[in-house]
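Below, read A as the first sequence line, B as the second, and so on, with proteins coming before strands; counting in each chain starts at 1. Predicted, not measured: the structure shown is a model, and the values here were computed from it.
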Protein chains: 2
Amino acid sequence: MVISKIDKMHSLSKNQQIIFDLIDKSPEPLKAYTILFNVQKKGIKAPPQVYRALDKLVEMGKIHKIESRNAFIACHNSSCQVAKATAFSICEICEKVTEISSAGLSKYLANFKDKDGMKYSKYNLEFFGLCKKCR
Amino acid sequence: MVISKIDKMHSLSKNQQIIFDLIDKSPEPLKAYTILFNVQKKGIKAPPQVYRALDKLVEMGKIHKIESRNAFIACHNSSCQVAKATAFSICEICEKVTEISSAGLSKYLANFKDKDGMKYSKYNLEFFGLCKKCR
DNA sequence: CTTATAAATGTTATATTATTACATAGTGTT
DNA sequence: AACACTATGTAATAATATAACATTTATAAG
């Protein structure tokens, strides 16, 4: 076995790489059909090709879905180990989205227990407000 | 002026009332087209009628949208004053959704500051895991 | 009461987001 | 080579949401 499992886990297929590169270069979250439009010249012609790649990239933690916007952003936490515990701030005017990486916040949420004492290792938090520029 | 502003703020129009009643009675979050199907006998025939009522109800804090599920649930915080600061737990197996009302959590999030010192009064948090029954 | 304004409704059409289903091709392992 | 697994290609369609415009109803001021 030349390629270790670890290496394998970090390797992207052709379509995954194309779509990840596009999202990673983008200064703003991209919607699925915006992505589709932008990769048609690279041979990705149909929605399922885009959605499949997006699904895998989300699973891997390489990108995150901004649920309130139906859009995708590259993970900016160095490790990409936080695929399942995400937090973002969203400007309601310019729609700028920033991934929040706060040890305090993630610790608080990872340890949060509901009324029944249940803990949840997976969560998605979206803060809304006005960014510096828009205030 | 017989009806005070306070009363007015809590009164729902005909379509809003029909749709709120349906959601409020439901044990699970309802999707827009499920709602549409269920209120057609009451004369609400087209998507815009449903979406308009949903928008208003969300604004008023009478219902909340579960963003990761595109579904709507009635507010279960007695006051309905927390329209803009919501938290839910979602079971990944049975899809049961519960609104979390934790003074500690809401206080923590309302006071959370990002790297730039920004505060956000509005947020939506969705926890994922397995409910008691599904474990 | 009536008139101006805003809020809500009704309706058709269409835009946007996402999935199903099935056929084909590549990759890694034995 | 044979197998299992993952990824890809393609067409059709399902599910979610909004635009645009006409009409009606509710509210509050004069």
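- With D:dT10, C:dT19, C:dT11 as the choices, the nucleotide that has an atom nearest any side-chain atom of A:A46 turns out to be D:dT10.
- Distance, B:K42 NZ to C:dT9 C1': 17 Å, rounded to whole Å.
- For the OP1/OP2 pair of C:dG26 and a distance below 4.0 Å, the side-chain nitrogens and oxygens of A:S13 include no atom meeting the criterion.
- For B:K56 and C:dA8, the shortest distance from a side-chain N or O to OP1 or OP2 is below 4.0 Å.
- Put simply, B:K65 has a side-chain N or O that comes within less than 4.0 Å of OP1 or OP2 on D:dA17.
- Nearest approach of B:Y33 to B:P47, heavy atoms of both residues: OH-CG, 3.2 Å.
- Distances from the side chain of A:R52 to the nucleotides D:dG9, C:dA8, C:dT9 place D:dG9 closest.
- Under 4.0 angstrom from either OP1 or OP2 of C:dG10 there lies at least one side-chain N or O belonging to B:Q49.
- Taking the six-membered ring where tryptophan is involved, the planes of A:F127 and B:F112 are essentially parallel, since the angle between them stays under 30° and well short of 60°.
- Closest to the B:Q16 side chain, of the nucleotides C:dT17, C:dT9, D:dG9, is C:dT9.
- Put simply, A:Y33 does not rest on the base of C:dT16: the two rings are not both less than 5.5 Å apart at their centres and under 30° in tilt.
- Counting to the nearest Å, the P atom of D:dT8 and the CG atom of A:D55 are 12 Å from each other.
- Toward the 5' end of DNA chain C, the nearer of the two residues A:P48 and A:T34, judged by each one's closest nucleotide, is A:T34.
- The minimum heavy-atom distance linking A:A110 with A:Y123 is given by the pair N-CE2, 4.2 Å.
- Separating the NZ atom of A:K31 from the P atom of C:dT17 is a distance of 4 Å, rounded to the nearest angstrom.
- Side-chain proximity of B:Y51 to the nucleotides D:dA17, C:dT17, D:dT8 is greatest for D:dA17.
- Counting to the nearest Å, the P atom of D:dT25 and the CD atom of B:Q17 are 19 Å from each other.
- Between B:R69 and B:E126, none of the side-chain N atoms (NZ, or NE/NH1/NH2) sits under 4.0 Å from a carboxylate O, so this pair counts as no salt bridge.
- Put simply, A:Y120 and A:L125 are part of the same group of oily side chains (I, L, V, M, F, W, Y) that touch within less than 4.5 Å, one to the next.
- If you take CZ of B:F72 and C1' of D:dA15, they are 13 Å apart, rounded to a whole angstrom.
- Under 4.0 angstrom from either OP1 or OP2 of C:dG10 there lies at least one side-chain N or O belonging to B:K14.
- To the nearest angstrom, C1' of C:dA8 lies 11 Å from CE of B:M60.
- Counting only N and O atoms by type, the side chains of A:S101 and A:N77 include a donor and acceptor under 3.5 Å apart.
- Residue B:L57 contributes atom CG, which lies 10 Å from atom P of C:dA8 at whole-angstrom precision.
- The nucleotide whose nearest atom lies closest to any side-chain atom of A:A32 is, among D:dA7, C:dA18, D:dT18, C:dA18.
- To the nearest angstrom, P of D:dT10 lies 13 Å from CG of A:L36.
- Closest to the A:N70 side chain, of the nucleotides D:dA11, C:dT17, C:dT9, is C:dT17.
- Listed nucleotides C:dT20, C:dT9, D:dG9 differ in distance to B:N15; the shortest reach to its side chain belongs to C:dT9.
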